Amino acid sequence: MSEWQKIDGGITAPKGYKASGITAGLKPSGAPDLALIISYVEAIAAGVFTTSQVRAACVDYCRQKLEAKPSARAILCNSGQANAGTGQQGWEDAQDSAKALAAALNIDPDSILLASTGVIGKRIKMEELIAAIPQLVSEVSENGGTAAAGAIMTTDLVMKSIALETQFGDRPVRIGGIAKGSGMIHPNMATMLAFVTCDAAVSPPLWQEMLTRAANRSFNQITVDGDTSTNDTLIALANGQSRTPAITGPGPDADKLEAMLTAVCEHLAKAIARDGEGATCLIEVQVTGAPTEAAAAMVAKTIVGSSLLKAAIFGCDPNWGRIAAAAGRAGVRFDQDKLEISLGEFQLMKNGQPLAFDEAAASNYLKRAKTAAYLEEDTVLIKVKIGDEPGSSKAWGCDLSYDYVKINAEYTT
């Protein structure tokens, strides 16, 4: 973190962005449900989306638009209805949403990207959405990031927002982001919903490459319940308003910007994992000694996604056998005689052999995490070494509590 610092402002901290979030009447609860993010100028746009064969109309819409031109001026996001599994009518609703916003902003509909979240099989309430667009546009401001972050939430308990700043020469460059997600979290090439803004100038292919790598090291390494969403969307805009020299290829500036982009994505990903439905703590698994980063990532995500491990963490049971079993079934070959496992400061296994440890103290370590400060000391750290090779990776998840079943048993009722 020495190369950048946290700043206020979230999604609107970078230069040249405004946002808003309002209540349009899409949610039965009456909570905010419609968000808008706008760049003052056409911004380079990159996206990473769900790989599910059952996709929301907004996912196909964004893919189509970004294939045609990798740029955008605005992102419109509704919450309450996923507009997934809605057939041709859902596709037409997506197009009509973009056209209505384009008319209000006096811009090309092809410069608008869309995202939706909510109940699968439910169309967007188009009458309410169209009627709310004038208010949504009138309320955009450079201080609207918090409102936008609140309007994309569904079962989330907390807003997820961050902004970082670094220096390129004598000018600041900023990246901001917001996300939503709490359940149905097991991403494959994205997460629930996440939006990132940046004021650097970056070539379109390089920006897409950066975002894909950042997603693989953050959002793709979280799991709450093993379910991949129909709506997973990660969109990043870079509008060049920092007036720093354009980054067009590999080099120190590209590495620096990508590292900050990854840090933003990692923070949002961890916030989603910590806010898992019914969760009481965050779990971080660090895997080393693998043949490649990808192999380490497979092992880390398998461990953190184990329902048995997640239940043990909830029960404050330092049952390291569940860690070993998950590592062994991850699909990565390794010598079990080299396996090492640690839980916090407690080493549980070395050279494939169990070690004596203070089980009561290890249990207390888990108990302390459940009552510690949010996204600070509330992390259960698991370290696993599977060999002596250079591959390493991390993954994040949460414990599995009784409340997860209660929340999801009554999701639509």
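Remember, predicted model here, so these are calculated numbers, not experimental data.
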A.B. asks: Just verifying a value: how many Å separate Ile222 CD1 and Arg274 CZ, rounded to the nearest 0.5 Å?
C.D. replies: 13.5 Å
A.B. asks: For residues 260-267, which side-chain donor-acceptor pairs fall under 3.5 Å, sequence neighbours excluded?
C.D. replies:
| from | atom 1 | to | atom 2 | distance (Å) |
| --- | --- | --- | --- | --- |
| Thr262 | OG1 | Glu258 | O | 2.8 |

A.B. asks: Taking all heavy atoms of Leu26 and all of Leu129, pick out the closest pair and write down the distance.
C.D. replies: CD2-N, 4.0 Å
A.B. asks: Within the structure provided, determine whether Ile313 and Leu366 are in side-chain contact (heavy-atom separation under 4.5 Å).
C.D. replies: yes
A.B. asks: Within the structure provided, determine whether Leu237 and Ile75 are in side-chain contact (heavy-atom separation under 4.5 Å).
C.D. replies: yes
A.B. asks: With sequence neighbours left out, write down each residue that passes side-chain hydrogen bond (donor to acceptor under 3.5 Å, both in side chains) with Thr86, or none if nothing qualifies.
C.D. replies: Asn83
A.B. asks: Is the shortest side-chain heavy-atom distance between Phe357 and Trp320 below 4.5 Å?
C.D. replies: yes
A.B. asks: Tell me whether Thr244 contacts the main-chain N or O of Ala200 through its side chain, where contact means a donor paired with an acceptor under 3.5 Å.
C.D. replies: no
A.B. asks: Which value, rounded to the nearest 0.5 Å, describes the distance between Asp199 atom CG and Gln241 atom CD?
C.D. replies: 8.0 Å
A.B. asks: Would you give the length of the straight line joining atom CD1 of Ile382 to atom CD1 of Ile303, rounded to the nearest 0.5 angstrom?
C.D. replies: 7.0 Å
A.B. asks: For residues 293-314, which residue pairs pass the ring pair (Phe, Tyr, Trp, His ring centres under 6.0 Å) check, not counting sequence neighbours?
C.D. replies: Phe314-Tyr402
A.B. asks: Taking Ser39's backbone N and O only, do any of them form a donor-acceptor pair with Asn239's side chain (distance below 3.5 Å, no angle check)?
C.D. replies: no
A.B. asks: Just wondering, do Leu76 and Leu34 contact through their side chains at under 4.5 Å, heavy atoms?
C.D. replies: yes
A.B. asks: Is there a side-chain contact between Ser161 and Thr146 in this structure, where contact means two heavy atoms from C-beta onward sitting under 4.5 Å apart?
C.D. replies: no
A.B. asks: So, Asp255 side chain and Pro250 main chain: donor-acceptor pair closer than 3.5 Å or not?
C.D. replies: no
A.B. asks: Return the minimal non-hydrogen interatomic distance between Cys316 and Lys367, and the atom names on each side.
C.D. replies: SG-CG, 3.3 Å
A.B. asks: Measuring from atom CD1 of Ile11 to atom CD1 of Ile178, what distance do you get when rounded to the nearest 0.5 angstrom?
C.D. replies: 5.0 Å
A.B. asks: Show the atom names and distances, to 0.1 Å, of all donor-acceptor pairs under 3.5 Å that link a side chain in residues 279-287 to residues at least two apart or in another chain.
C.D. replies:
| from | atom 1 | to | atom 2 | distance (Å) |
| --- | --- | --- | --- | --- |
| Thr280 | OG1 | Lys370 | NZ | 3.1 |
| Thr280 | OG1 | Asp399 | OD2 | 2.3 |
| Glu284 | OE1 | Trp396 | NE1 | 3.0 |
| Glu284 | OE2 | Gln286 | NE2 | 2.7 |

A.B. asks: Are Thr50 and Thr230 packed together at the side-chain level, in the sense that at least one heavy-atom pair is separated by less than 4.5 angstrom?
C.D. replies: no
A.B. asks: Once ring-ring contact (aromatic ring centres under 6.0 Å, His included) is applied, do any residues pair with Phe334, and if so which ones, sequence neighbours excluded?
C.D. replies: none
A.B. asks: Write out all pairs satisfying side chain to side chain donor-acceptor pair (under 3.5 Å) with one or both partners inside residues 344-363, taking only residues at least two apart or from two chains.
C.D. replies: none
A.B. asks: Restricting to non-hydrogen atoms, name the atom on Ala238 and the atom on Val202 that form the minimum distance, rounded to 0.1 Å.
C.D. replies: CB-CG2, 4.4 Å
A.B. asks: To the nearest 0.5 Å, what is the distance between CD1 on Ile386 and CG on Leu339?
C.D. replies: 8.5 Å
A.B. asks: Tell me if a side-chain donor or acceptor on Asp275 pairs with a main-chain N or O of Leu157 at a distance below 3.5 Å.
C.D. replies: yes
A.B. asks: For Ala19, does its backbone N or O pair with a side-chain atom of Thr12 as donor and acceptor, under 3.5 Å?
C.D. replies: no
A.B. asks: Taking Asn220's backbone N and O only, do any of them form a donor-acceptor pair with Lys301's side chain (distance below 3.5 Å, no angle check)?
C.D. replies: yes
A.B. asks: Can you tell me if Ser229 uses its side chain to pair, donor with acceptor, with the backbone of Asn231 under 3.5 Å?
C.D. replies: yes
A.B. asks: Given 3.5 Å as the limit, does a donor-acceptor pair link the side chain of Gln221 with the main chain of Ala297, or not?
C.D. replies: yes
A.B. asks: Scan residues 335-344 for pairs that pass side chain to side chain donor-acceptor pair (under 3.5 Å), counting only residues two or more places apart or in two chains.
C.D. replies: Lys338-Asp388
A.B. asks: Sequence neighbours excluded, which residues qualify as side chain to side chain contact (heavy atoms under 4.5 Å, CB included) partners of Leu66?
C.D. replies: Ala45, Phe49, Leu113
A.B. asks: For the residue pair Cys198 and Val173, what are the closest heavy atoms and their distance?
C.D. replies: SG-CG1, 4.5 Å
A.B. asks: Would you please test Ile175 and Leu257 for side-chain contact (heavy atoms from CB on, under 4.5 Å) and show each step?
C.D. replies: CA-CA 9 Å; Ile175 299 180; Leu257 188 68; 4.0 Å; yes
A.B. asks: Go through it in stages, so that I can follow the logic: the residues are Glu209 and Thr212, the test is side-chain contact (heavy atoms from CB on, under 4.5 Å), and I'd like the CA-CA distance, side-chain angles, deciding distance and then a yes or no.
C.D. replies: CA-CA 5 Å; Glu209 291 171 9; Thr212 299; 5.9 Å; no
A.B. asks: Kindly compute the distance separating CD1 (Ile272) from NZ (Lys180), expressed to the nearest 0.5 Å.
C.D. replies: 8.5 Å
A.B. asks: Do Cys77 and Phe195 have side chains that approach each other closer than 4.5 Å (heavy atoms only, starting at C-beta)?
C.D. replies: yes
A.B. asks: Just checking Asp8: does its CG atom have more than 12 heavy atoms from other residues, nucleotides or ligands closer to it than 6.0 angstrom?
C.D. replies: no
A.B. asks: Under 3.5 Å, side chain of Tyr61 to main-chain N/O of Ala115, donor-acceptor pair present?
C.D. replies: no
A.B. asks: Please walk me through it: do Leu309 and Ile323 pass side-chain contact (heavy atoms from CB on, under 4.5 Å)?
C.D. replies: CA-CA 7 Å; Leu309 173 64; Ile323 301 171; 3.7 Å; yes
A.B. asks: For Ser20 and Val140, work out which heavy atoms get closest and say how close.
C.D. replies: OG-CG1, 3.4 Å
A.B. asks: Can you name the residues that form a side-chain hydrogen bond (donor to acceptor under 3.5 Å, both in side chains) with Asp156, not counting sequence neighbours?
C.D. replies: Lys160
A.B. asks: Within a 6.0 Å radius of atom NZ on Lys256, are there more than 12 heavy atoms belonging to other residues, nucleotides or ligands?
C.D. replies: yes
A.B. asks: What residues, two or more places apart in sequence or in another chain, satisfy side-chain hydrogen bond (donor to acceptor under 3.5 Å, both in side chains) together with Asp253?
C.D. replies: none
A.B. asks: Does the side chain of Phe219 come within less than 4.5 Å of Asp232's, by heavy atoms?
C.D. replies: no
A.B. asks: Suppose the criterion is side chain to side chain donor-acceptor pair (under 3.5 Å): which pairs have a residue in residues 62-81, not counting sequence neighbours?
C.D. replies: Lys27-Ser79, Glu42-Lys69, Glu42-Ser71, Lys65-Asp110, Lys69-Ser111, Asn78-Ser116
A.B. asks: Under the side-chain contact (heavy atoms from CB on, under 4.5 Å) rule, what do Val59 and Thr233 come out as? Steps first, then yes or no, please.
C.D. replies: CA-CA 7 Å; Val59 170; Thr233 297; 3.8 Å; yes
A.B. asks: Quick one: list whatever passes side chain to side chain contact (heavy atoms under 4.5 Å, CB included) with Asp170, sequence neighbours left out.
C.D. replies: none
A.B. asks: Looking at Leu234 and Ala215, what are the two nearest heavy atoms and their distance?
C.D. replies: CD2-CB, 3.8 Å
